[in-house]
Amino acid sequence: MEKIRILLVAAPGDNRGVYLRALQEFDIQCDVAESLHDVALKHNKVKYSGFLIDIPTLLRSSAADKAEANLLSDNFPVMRLSYKAVEGIRCIPTGKFSGHGNTLDAFFKESCLNFTARSLRGTKRANKVLNVLLNRDISIPKSHMEKSVALNFSAEGCFLYSVSKWKKGDTLWIAIMELDDKAPIKAEVQWVVPWGIKSQMPGLGVNFLSLSEEQADQIDAIIQNKKV
């Protein structure tokens, strides 16, 4: 089984050294960021199962970076940490994905292990409309593919309008017309809204399985209003 991957956010200093020594006891993969700003700058494309945030580092952060910390708590298991020589490491679970355990062991086993790793970039979504073509078979010409639109999209998935019959686990291929690279993207259906459900748009929620780095970067640029 692949190790869970965690990001520790802690400025250089005694606290970070204490945390890293404590983390050596666990069978996990741990990356380190010096600040919340570095998380968004250097680690936003990496898929993590959880974040550990040093409270003094958080308190010294800018307002914008503290907002980034709130985004993490809304979308990932997050444990805030502090250290005092007399008390040792204090653990405070933060956010709906973080459980109620107040130890690193509980956090890793009960929250991170059961959480599907995702990237920070994948949590940022847009409600703009992208024109797409979709089909179950990549070999079918574009002229025969179903015309649709993508809504509420991120670099990891989207909602696709469709009145066709789909079920969870189905594989499909999506060509996004707004992207420079229109190569079909392999995706998997995660949930379905059938046609005829009152007050709901019919369609399917999908996760991208073969998105290229260029395609992901351009989707992220669209979300950030860098490109329309």
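Any value given below was found using the heavy atoms of this structure, including those in side chains, with hydrogens, waters and symmetry copies removed.
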Counting distance only, does the side-chain N/O of Lys182 pair as donor-acceptor with the main-chain N or O of Met177 below 3.5 Å? yes
Carefully, step by step, assess Cys158 and Phe208 under the rule side chain to side chain contact (heavy atoms under 4.5 Å, CB included). CA-CA 8 Å; Cys158 66; Phe208 300 135; 3.9 Å; yes
Nearest non-hydrogen partners of Leu36 and Ala69, listed with the distance: CD1-CB, 3.9 Å
Out of curiosity, does Val132 fall in the hydrophobic cluster containing Leu211 (side-chain heavy atoms, cut-off under 4.5 Å, transitive links)? yes
Taking C-beta and beyond as the side chain, do Asp38 and Ser35 meet within less than 4.5 Å on heavy atoms? yes
Does Glu110 reach the main-chain N or O of Gly101 with its side chain, forming a donor-acceptor pair under 3.5 Å? no
Can you see whether Tyr83 has Arg21 sitting over its ring - NZ or CZ less than 6.0 Å from the centre and within 45° of the normal? no
Report whether Tyr48 and Phe107 are members of the same hydrophobic cluster (ILVMFWY, side-chain heavy atoms less than 4.5 Å apart, transitive linking). no
Rounded to the nearest 0.5 Å, how far apart are CG of Asp54 and CE of Met79? 14.0 Å
Heavy-atom closest contact (Val163 atom, Tyr161 atom, distance): CG1-OH, 3.5 Å
What I'd like to find out is whether the side chain of Glu156 reaches to under 4.5 Å of the side chain of Ser119, using heavy atoms alone. yes
Are Asp27 and Lys3 side-chain neighbours, meaning at least one heavy-atom pair lies under 4.5 Å? yes
Taken to the nearest 0.5 Å, the spacing of Leu8 CG from Leu81 CG works out to 7.0 Å
So, taking the atom named CH2 in Trp173 and the one named CG in Asn135, what distance separates them when rounded to the nearest 0.5 Å? 11.5 Å
Positive for side-chain contact (heavy atoms from CB on, under 4.5 Å) with Arg80, one of Val9, Ile55, Leu52: Ile55
Identify the heavy atoms of Ala10 and Thr57 that sit nearest to each other, and give their distance. CA-OG1, 3.6 Å
Would Lys167 and Val189 satisfy side chain to side chain contact (heavy atoms under 4.5 Å, CB included), going step by step from the backbone distance to the final call? CA-CA 7 Å; Lys167 65 180 185 298; Val189 177; over 6 Å; no
So do the side chains of Glu25 and Leu104 get within less than 4.5 Å of each other, counting heavy atoms only? no
No-hydrogen, no-angle side-chain donor-acceptor test under 3.5 Å, Thr103 and Asp105: no
Determine whether a donor-acceptor pair (N or O, by modelled atom type, separation under 3.5 Å) exists between the side chain of Ser98 and the backbone of Pro93. no
Tell me if a side-chain donor or acceptor on Asp74 pairs with a main-chain N or O of Leu71 at a distance below 3.5 Å. no
Look at the side-chain heavy atoms of Ile, Leu, Val, Met, Phe, Trp and Tyr, link any pair under 4.5 Å apart, and say whether Ile138 and Leu134 land in one connected group. no
Heavy-atom pair with the smallest gap, counting every atom of Lys45 and Asp217: NZ-OD1, 3.1 Å
Side chains of Leu172 and Asp170: does their closest heavy-atom pair fall under 4.5 Å? no
Around Trp191, counting heavy atoms of other residues, nucleotides and ligands shown, do more than 12 lie under 6.0 Å from its CH2? yes
Rounded to the nearest 0.5 Å, how far does CG of Leu113 lie from CD1 of Ile28? 11.5 Å
Cluster question for you: counting only ILVMFWY and a side-chain heavy-atom cut-off of under 4.5 Å, with indirect links fine, are Ile174 and Phe153 together? yes
Any side-chain donor near an acceptor of the partner, Asn131 and Glu178, under 3.5 Å: yes
So, Arg118 side chain and Asn75 main chain: donor-acceptor pair closer than 3.5 Å or not? yes
Taking the side chain as C-beta and beyond, is there a heavy-atom pair between Asp31 and Arg5 under 4.5 Å? yes
Min side-chain heavy-atom separation Leu160-Trp166 under 4.5 Å: no
Measure across His43 and Val32 and return the closest heavy-atom pair with its distance rounded to 0.1 Å. NE2-O, 3.7 Å
Within the side chain of Gln190, is there an N or O that forms a donor-acceptor pair under 3.5 Å with the backbone of Asn207? no
Is the Phe115 ring parallel, tilted or perpendicular to the Phe76 ring (thresholds 30°, 60°)? tilted
What is the distance from atom CZ of Arg60 to atom CG of Asp65, rounded to the nearest 0.5 Å? 12.5 Å
Working to the nearest 0.5 Å, report the span between OG of Ser210 and CD of Glu188. 12.0 Å
Is Leu204 linked to Val149 within one hydrophobic cluster, defined over Ile, Leu, Val, Met, Phe, Trp and Tyr using a side-chain heavy-atom separation of less than 4.5 Å? no
So does Ala216 get a backbone contact from the side chain of Asp220, meaning a donor-acceptor N/O pair under 3.5 Å? no
State, to 0.1 Å, how close Asp181 and Gln215 come at their nearest heavy-atom pair, and which atoms those are. O-NE2, 3.0 Å
May I ask you to check whether over 12 heavy atoms, not counting those of Arg136, lie within 6.0 Å of atom CZ? yes
Considering residues, nucleotides and ligands other than Lys96, do more than 12 of their heavy atoms fall under 6.0 Å from its NZ? no
Report the residue from Val18, Leu20, Asp14 that forms a side-chain contact (heavy atoms from CB on, under 4.5 Å) with Arg16. Leu20
Heavy-atom distance under 4.5 Å between the side chains of Leu7 and Val46, does that happen here? no
